[in-house]
Every structure is written in structure tokens, then in C-alpha cells.
Q: 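Questions regarding the structure given below will be posed in turn.
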Amino acid sequence: MSHARKELDWPRMLELAMDPEKARSRAGYPTLVEMAPLFEEYMEKKTVNAPNTQVNRVRAEVLKACRAKAAEPPGLFTLTVPTGGGKTLSSLAFALEHALSHQKRRIIYVIPYTSIIEQSAGQFREIFGDTVIEHHSNLDVKDLSKDDVRSRLACENWDAPLIVTTTVQFFESLFASRPSRCRKLHNIANSVVILDEVQLLPPDFLNPVLTVIKELERNYAATFVFSTATQPAFGPHKSMDFNFEGLSGLREIIPDPFSLHERLKRTKVEKIEGLASPLPWSDLAGRLISHESVLCVVNRRDDARALWERMPAGTFHLSALMCGAHRSCRIAEIRESLKAGKPTRVISTQLVEAGVDLDFAVVYRALAGLDSVAQAAGRCNREGRLGRGLVYVFHPSSRIPAGHLRQAAEVGRQLLAEESADPLAPKQFDRFFKMFYWLRGDRLDKEGILNLLGNDPELRISFRVAASKFRLIDEGAYSPVIVHWGEGSQRIELLRRKGPERWLLRQLQRYVVNVPRHTHARLAAQGAIEEVHPGIFVQGHGGLYHEQLGFCADRAAVYEPDELVI
């Protein structure tokens, strides 16, 4: 174990002097040294009775490789493991042992979607208990006693030894100009940061994101792990008309990821009609109906609805038009249905592609970037019980959304059109991302963040402007509505009576749907949604929320029979 110089935590020392009571409220978390035996005990129980299958053997090898690599000097690491290969726990094993070897202060696990963060944080909490701090917008505090001063301060300051947060929360904090968001910055230094599903870093901000990672690694003693099945081409590369600075010194944790892919290869990819022409929704529905159980992933919310409406009763629907609580419930129902061996047909947007543990024998994927196709394939034959699962890629009848999604789909089409024994081999993703980054060009820093933060002789650095422009989610494009689903109705009534109290707003996050801003304005003008407190809108019309589809703005003028009874 190294013996690095002990650092002084000046922000904490200052708070101890200025506000001793608050400082004491932050104290009491166990150290990573104390947490390590809990992890070992959990992993021993998990592996001792695991069936001797090919998938479990590979998972054991991945875990072993992560433990072995953890002793290496701090820096930038890639963890390239096929879907189902045990990345989550293995990356945590690496982080724990690396932190102990190099006296790192904490582990920060960064996840792209809230739908995954709840799943991962739950698993970590099963191992470590309340040591885990979950910091994101959709935190559902069922037990109000858990929303105490200590947990609030830990979220504000990231004092805990294990933080689970979102990509948005992590990177926007690094570019923020508000003190409340900047308080945690000193606790990112000398940490191990795991970026899960790293291929989902927003391409419009990729250059600023990679620049800040480089800065944290070089000057703030942070170690980063880029974890995914579809590793982006983050290394430097240039051509005659393009210079991608990227990240130097990346080290792969898995000795031979190409061999690992071959051994975990569980699917065969078929291209419907060679992707030459759009497949009508009715024809696609006919194909899906021919399978007793099937998952179909499309690119847009409207596509999911259009296809679902052509499917037989009992077909599941998943999209962001459903609130978080509704989606979680549906995913649990789908898992139970699959486990029971019942016919299970699911129409979903890409929200199932990262971290949602579903296993189908047949998966259909609308044409998209090669990484998205691979992630959808990760929901097919996940446990390797079949010889080969089938993944069908089709050209959707709707236009692929403009911008980087359409560009990624075009590059994906080019690579899929090639004759290849394995279109989803790891080497294909290096080609895909290099071609995609070349197409994006200057739009890898769409808002010009690096220019705003660039130094000049007069020290004109536009911190505040850069912070206002660094928004990984375009908040101006969508507005939230709190919906009546499940316990959402009860919480809306509490909101009316008690007002926007902090604990209640946190609960209500699980019942929020984001709708396009222009649609939001129209519904408000019609009285279909109601502003119960300044800036807080709730569903006012009973017909707006459908039990299967979620929020349906076009149902604003449709009345349920019960609503016509006086």
C-alpha cells in the first residue's frame, strides 16, 4: 500500500470552526477499509452457489482481472465487458481495492439514467447499508425519517465513502457557478470515479467532459474507470481534416476483451430487408406477434405508442411518457412474466438498453448507432441459455430524430451493411465512434464551452456563461408535469395542502413526466394541467394519463365515463 501525504480537508476544517453542529452531522460514516470486508462477504455468498455456466465463469474471470489491475498506479482505465458479464460488481471490486492500495478517499459511481441508478444503489445498499448516498433528482424517500439532516448534507457535500449519482449531477457540478453545486468539488479529488455505460456521454459536450476528466486525473489525483460493453474511441486520433485530442494513457482492465466477447457471444444479428427500405408499423407488428415473447426497441416515444397500438392486448409498453414509478412497476411485471414463462411482448424506447436486466430470446431494434444496437442485443439471451438469440435490425417507418441520433444511425447503417461474421465485435465500435466523432466535428463542443473557459492574457474567463450553457439535458425543451398514477394522487393532494415542502417534492419526482414545452403551454392554456404552486404543474384532466401508455397529451379533450357523472 502506498503512503501518500495526508491531505488537509480545508473546507471541512473551516466548517468545523464556523458551524460545529453541521460538521458533526456529517460525521460517522465508515471508512473504505471498514467497508471492504462487507463486500468480500457478499461476493463469497454470491459466488459459492453460482451454477457452473459459461456466463458465470466469465464473470469470475472479469472479477479476477479487476482485482489484479487495482494495484496499478492511478490514472484512466477502461473496462470493456459484454452485457451480462458482471461489470457493476467487478468495477466496484476494482474501485475498492484501488482506493485501499492508493489511499483514495471515496468511490463515486456515475450512472447515465435514473432508471439504472435506483437498481445499482439498491444492490450497493444491500452490501453496505446506509453508507451509500444516492444523489439524483428522482430519489423516492418512502421513509421520511431517512430524509434527515445527515443524508441532506451528504448529498450537498458528498462526504460519504460511496456516492451513487447521475452523469448530469456529476458533470454539471464540475462546470457549475453556484455555491450549492460546487460544495462537493473538493470531495471529488483523490476519488475513484466509475463512469458506467460511458458510451452515453452526451456527444454535444464530449470535448469539455473529456477535458475536465483529464484535469481531474492529472492535477486532482482522481482515478477514472470507463465501463461499458461498447467502449468509445476516447484515445487521441487525427486525420487530414480532424484532430480528436481525446485522452492519452488509457489502460484496459480486461487482458483480452476480444476473446471475452467471443466467449460471451450469445446472439446472431439479422438485417430485415437489408435495411434498404422502411418497414411499416403494421408489418413490424405482424412479425412481433409471430413470437410468443419478444422485445422491440424503437427510437421515439411516438413510435413506441404507434407500434403498441397495433399489438394485441397484454403487450407491455415502456417509454419516458410513463412516470418513473410507473416504469419501475412495469419492468418488475415484465421480469415476473418472463420468469414464469408466460408470453411476454414488450414495446420500448431505448430506456431498456442500459442496465435494465431483461432477457428475451428475440429482440428487434430500430436502426440506430451501432452502440445502441449492441446494447439492445444485450437484452437477448442474456444468461446464455440458448445457443444463439436472434436480434433483428429494421429500418423504422418514421424519421430518425435529427442531430447526433440521425448521424449515429447513418454510421451504424454503413457498418451493418458490410459483410461481417460479427457486426457487433469490439473492433467495430472503435470504427463506429471514430467515424461518428469525425461527422460531429466541432459539434463535440456544441456550445463552445472550452472557448468560454479558455485563458487569455487579460484573464477573461466566462465562468458564469459557461455554466449556463453546460446543460446535458435541454431544460428549455421540456417542462415537468406531476401525474395521477399510483400514489401520485395522494402526494398531489398533500402538495395542495402542505405546499412545496422539500421532502414532498423529492417524493413527487417519481411521478413526473417531462413533456415538450409547447405542448405544456397548450395544456396549461386549456386547463388540462394546473399550476398548483408557482412553476409546479399537476395533471388536472383524468384522461391525460393512460394506464399502459402513460401521459397522452392528445387525450386532453377526452373524458372518462366517470367524469361525466354529476
Q: Side chain to side chain contact (heavy atoms under 4.5 Å, CB included) with Asp303: which residues, sequence neighbours excluded?
A: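 Result, side chain to side chain contact (heavy atoms under 4.5 Å, CB included) vs Asp303: Trp281, Val298, Arg300, Ser398.
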Q: Give a yes or no answer on whether the side chain of Glu252 reaches the backbone of Thr80 with a donor-acceptor pair at less than 3.5 Å.
A: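 Here the side-chain-to-backbone pair exists.
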Q: Below 4.0 angstrom, N of the basic side chain to O of the carboxylate: do Arg263 and Glu61 qualify?
A: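 A salt bridge links Arg263 with Glu61.
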Q: Nearest 0.5 angstrom please: Glu262 CD to Phe258 CZ, how far?
A: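 Between Glu262 CD and Phe258 CZ, I get 10.5 Å after rounding to 0.5 Å.
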Q: Could you tell me whether the side chains of Asp422 and His261 share a donor-acceptor contact shorter than 3.5 Å?
A: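 Present: a donor and an acceptor within the cut-off.
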Q: If you round to the nearest 0.5 Å, how far is OG of Ser120 from CG of Leu92?
A: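 These two atoms lie 10.0 Å from each other.
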Q: Are any of the side-chain heavy atoms of Pro423 and Leu415 separated by less than 4.5 Å?
A: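 The answer is no, as the side chains (C-beta and beyond) never meet within the 4.5 Å cut-off.
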Q: Can you tell me how far apart CZ (Phe316) and OG (Ser337) are? Round to the nearest 0.5 Å.
A: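 Taking CZ in Phe316 and OG in Ser337, the distance rounds to 5.0 Å.
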Q: Where do Pro280 and Ser397 come nearest, in terms of heavy atoms and distance?
A: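 Taking every non-hydrogen atom into account, CA-CB, 4.1 Å.
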Q: Are Thr78 and Val225 side-chain neighbours, meaning at least one heavy-atom pair lies under 4.5 Å?
A: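 Sidechains of Val225 and Thr78: no contact.
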Q: Is any side-chain heavy atom of Val513 closer than 4.5 Å to a side-chain heavy atom of Met322?
A: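 No; the side chains remain at least 4.5 Å from each other.
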Q: Can you see which heavy atom on Pro51 is nearest to which on Asn56, and at what distance?
A: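 Looks like O-ND2, 2.8 Å.
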Q: Under the side-chain contact (heavy atoms from CB on, under 4.5 Å) criterion, do Phe170 and Val168 qualify, and how do the steps go?
A: CA-CA 6 Å; Phe170 183 80; Val168 171; over 6 Å; no
Q: Donor-acceptor check, side chain of Gln407 to backbone of Val411, threshold 3.5 angstrom: yes or no?
A: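 Such a contact is absent between Gln407 side chain and Val411 backbone.
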Q: Does a donor on one side chain and an acceptor on the other come within less than 3.5 Å for His291 and Tyr364?
A: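 The answer is yes; a qualifying pair exists.
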Q: List the steps and the verdict of side-chain contact (heavy atoms from CB on, under 4.5 Å) for Trp485 and Cys323.
A: CA-CA 8 Å; Trp485 186 86; Cys323 66; 4.2 Å; yes
Q: So, are Asp204 and Arg440 salt-bridged, with charged N and O less than 4.0 Å apart?
A: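 Yes, this pair counts.
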Q: Any luck finding a side-chain donor-acceptor pair between His326 and Arg330 under 3.5 Å?
A: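 The criterion, which ignores hydrogens and geometry beyond distance, is satisfied for Arg330 and His326.
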Q: State whether the number of non-hydrogen atoms from other residues, nucleotides or ligands found under 6.0 Å of Glu292 atom CD is greater than 12.
A: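 Result for CD/Glu292: open.
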Q: Can you name the nearest heavy-atom pair linking Leu264 to Gly85, along with the distance?
A: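 Taking Leu264 first and Gly85 second, the nearest heavy atoms are CD1-CA, 4.1 Å.
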Q: Minimum heavy-atom separation for Thr228 and Glu197, please, with both atom names.
A: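 Nearest heavy atoms, Thr228 then Glu197: OG1-OE1, 4.0 Å.
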Q: Could you tell me whether the side chain of Gln428 and the main chain of Leu370 form a donor-acceptor pair under 3.5 Å?
A: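 No; judged by distance alone, with no hydrogens or angles, the pair does not exist.
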Q: I'd like to know whether NZ of Lys268 has more than 12 heavy-atom contacts from other residues, nucleotides or ligands below 6.0 angstrom.
A: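 For Lys268, atom NZ is not crowded (no more than 12 foreign heavy atoms under 6.0 Å).
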Q: Parallel, tilted or perpendicular: which one describes the rings of His237 and Phe242, with boundaries at 30° and 60°?
A: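 Because their plane-to-plane angle lies in the 30° to 60° range, the rings of His237 and Phe242 count as tilted.
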Q: I'd like to know if the side chain of Asn299 and the backbone of Leu367 have a donor-acceptor N/O pair within less than 3.5 Å.
A: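 Judged by distance alone, yes, a pair lies under 3.5 Å.
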Q: Just say parallel, tilted or perpendicular for the rings of Tyr437 and Phe433, cut-offs at 30° and 60°.
A: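 Because their plane-to-plane angle lies in the 30° to 60° range, the rings of Tyr437 and Phe433 count as tilted.
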Q: Would Val193 and Val110 count as a side-chain contact (heavy atoms from CB on, under 4.5 Å) here? Give the steps.
A: CA-CA 7 Å; Val193 182; Val110 184; 3.9 Å; yes
Q: Is it true that the side chains of Arg59 and Thr47 contain a donor and an acceptor less than 3.5 Å apart?
A: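 Arg59 vs Thr47: no donor-acceptor pair found between side chains.
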Q: Would you tell me whether Gln509 and Gln507 have side-chain atoms, one donor and one acceptor, within less than 3.5 Å of each other?
A: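 No, because no side-chain N or O of Gln509 sits under 3.5 Å from a partner of the opposite role on Gln507.
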Q: Identify whether the distance between the nearest side-chain nitrogen and carboxylate oxygen of Arg365 and Glu353 falls below 4.0 Å.
A: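 Salt bridge between Arg365 and Glu353, a charged N being under 4.0 Å from a carboxylate O: yes.
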Q: Under 4.5 Å between any side-chain heavy atoms of Val294 and Val363, yes or no?
A: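 No; the side chains remain at least 4.5 Å from each other.
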Q: Can you tell me which residue among Leu472, Leu210, Leu444 is in a side-chain contact (heavy atoms from CB on, under 4.5 Å) with Phe205?
A: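 Answer after filtering Leu472, Leu210, Leu444: Leu472.
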Q: How far apart are the closest heavy atoms of Ser277 and His395, and which atoms are they?
A: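 Taking Ser277 first and His395 second, the nearest heavy atoms are O-CB, 3.4 Å.
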Q: Going by an N to O cut-off under 4.0 Å, is there a salt bridge joining Glu410 and Arg406?
A: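 Looking at Arg406 together with Glu410, the answer is no, because their closest N to O distance does not fall below 4.0 Å.
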Q: How close do Phe470 and Pro208 get, counting heavy atoms only, and between which atoms?
A: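 Smallest heavy-atom distance, with atoms named: CE1-CB, 4.1 Å.
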Q: Quick check on Lys446: does its NZ atom have over 12 non-hydrogen neighbours (other residues, nucleotides or ligands) under 6.0 Å away?
A: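 Not buried by this count: 12 neighbours or fewer within 6.0 Å.
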Q: Any side-chain heavy atom of Leu284 sitting closer than 4.5 Å to one from Phe394?
A: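 Yes, their side chains come closer than 4.5 Å.
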Q: Let me confirm one number: the CD-CG distance from Gln490 to Leu495, rounded to the nearest 0.5 Å.
A: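 Rounded to the nearest 0.5 Å, the CD-CG separation comes out at 13.5 Å.
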Q: With side chains defined as the heavy atoms from C-beta onward, is the minimum distance between Tyr109 and Ser91 less than 4.5 Å?
A: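 Tyr109 reaches Ser91 side chain to side chain.
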Q: Is a donor from one side chain sitting under 3.5 angstrom from an acceptor on the other, for Asn381 and Arg388?
A: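 Result is no, nothing qualifies.
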Q: Would you compute the distance between atom CD1 of Ile347 and atom CD of Gln548 and round it to the nearest 0.5 angstrom?
A: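 Atom-to-atom, Ile347:CD1 and Gln548:CD are 12.5 Å apart.
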Q: Any side-chain heavy-atom pair from Thr166 and Ile111 closer than 4.5 angstrom?
A: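 No, their side chains stay 4.5 Å or more apart.
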Q: Could Asp283 and Arg310 be called an ion pair, given the rule that one side-chain N must be under 4.0 Å from one carboxylate O?
A: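 A salt bridge is absent here (no side-chain N lies under 4.0 Å from a carboxylate O).
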Q: Can we say Glu530 and Arg496 salt-bridge, meaning some charged N sits less than 4.0 Å from an Asp/Glu carboxylate O?
A: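 A salt bridge links Glu530 with Arg496.
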Q: Is the side chain of Arg382 donor-acceptor paired with the backbone N or O of Ala377 at a distance under 3.5 Å, no angle test?
A: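 Flag not set: sc Arg382 to bb Ala377 has no pair under 3.5 Å.
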Q: Got Leu424 and Val269 here, is their nearest side-chain heavy-atom distance under 4.5 Å?
A: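 Counting from C-beta outward, Leu424 and Val269 do come under 4.5 Å.
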Q: Donor-acceptor check, side chain of Asn514 to backbone of Tyr478, threshold 3.5 angstrom: yes or no?
A: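 No, because the side chain of Asn514 does not come within donor-acceptor range (under 3.5 Å) of the backbone of Tyr478.
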Q: Can you tell me if Arg555 uses its side chain to pair, donor with acceptor, with the backbone of Gly543 under 3.5 Å?
A: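 Yes, the answer is positive, given that a donor and an acceptor are paired below the 3.5 Å cut-off.
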Q: Got a salt bridge between Arg491 and Glu487, using NZ or NE/NH1/NH2 to carboxylate O under 4.0 Å?
A: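 Looking at Glu487 together with Arg491, the answer is yes, because their closest N to O distance falls below 4.0 Å.
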Q: Under the 3.5 angstrom rule, does the side chain of Arg379 hit a backbone N or O of Val356 as a donor-acceptor pair?
A: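 Yes, Arg379 side chain to Val356 backbone: donor-acceptor pair under 3.5 Å.
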Q: So, the side chain of Ser328 versus the backbone of Gly324: is there a donor-acceptor pair under 3.5 Å, distance only?
A: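 Side chain of Ser328 to backbone of Gly324: a pair is present.
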Q: In terms of side-chain geometry, is the basic nitrogen of Arg335 or Glu333 positioned less than 4.0 Å from the acidic oxygen of its partner?
A: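 Salt bridge: no.
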Q: Can you label the angle between the Trp308 ring and the His546 ring as parallel, tilted or perpendicular, going by 30° and 60°?
A: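 Correct class here is perpendicular.
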Q: Return yes if some donor-acceptor pair links the side-chain N/O of Gln539 with the main-chain N/O of His541 below 3.5 Å, else return no.
A: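 Confirmed, Gln539 side chain pairs with His541 backbone.
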Q: Suppose we call two aromatic rings close when their centres sit under 6.0 Å apart. Are Tyr545 and Phe551 close by that rule?
A: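 Here the rings of Phe551 and Tyr545 have centres that are no less than 6.0 Å from each other.
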Q: When rounded to the nearest 0.5 angstrom, what distance separates CZ in Arg305 from SG in Cys552?
A: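 Reported to 0.5 Å precision, the distance equals 4.0 Å.
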